[in-house]
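Each remark here refers to the structure printed beneath this line.
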Amino acid sequence: MKRKLKPAISKQRAIEITMNHNGVSREIAEKYTNSELREVLKHLGLRAGF
């Protein structure tokens with residue numbers, strides 16, 4: 001049985017999701033490292049594409 005993957009999230013979209021999820025401004029969210037952004041996406045069940 002083939003598993004259907006969820007679409008990968010771009011870095012810009014990950015920043016927007018982080019802003020909403022963590023309640024921070026864009027300036028702060030843009031300072032997050034790639035691993036921190038991936039962790040937020042993982043928490044929400046999404047897949048990073050960067």
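Predicted model only: the values in this text are computed from it and were never measured. All residue numbers in this chain count up from 1 along the given sequence.
- Of all heavy-atom pairs between I9 and A14, the closest is CG2-N, 3.7 Å.
- In this structure, R38 is positioned above the aromatic face of F50, its NZ or CZ under 6.0 Å from the six-membered ring centre and within 45° of the axis.
- In this structure, L41 and R47 have side chains that are not in contact, with every pair of non-hydrogen atoms separated by 4.5 Å or more.
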Item to check | Audit row: N34, K11, side-chain contact (heavy atoms from CB on, under 4.5 Å) steps and yes/no | outcome: CA-CA 8 Å; N34 285 351; K11 186 169 182 174; 2.9 Å; yes

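- Closest approach of E16 and R26 over heavy atoms only: CG-NH2, 3.7 Å.
- Put simply, CG on L37 and CZ on R13 are 12.5 Å apart, with the number rounded to the nearest 0.5 Å.
- The backbone N or O of T33 lies less than 3.5 Å from a partner atom in the side chain of E36, making a donor-acceptor pair.
- At least one side-chain heavy atom of T18 sits under 4.5 Å from a side-chain heavy atom of Y32.
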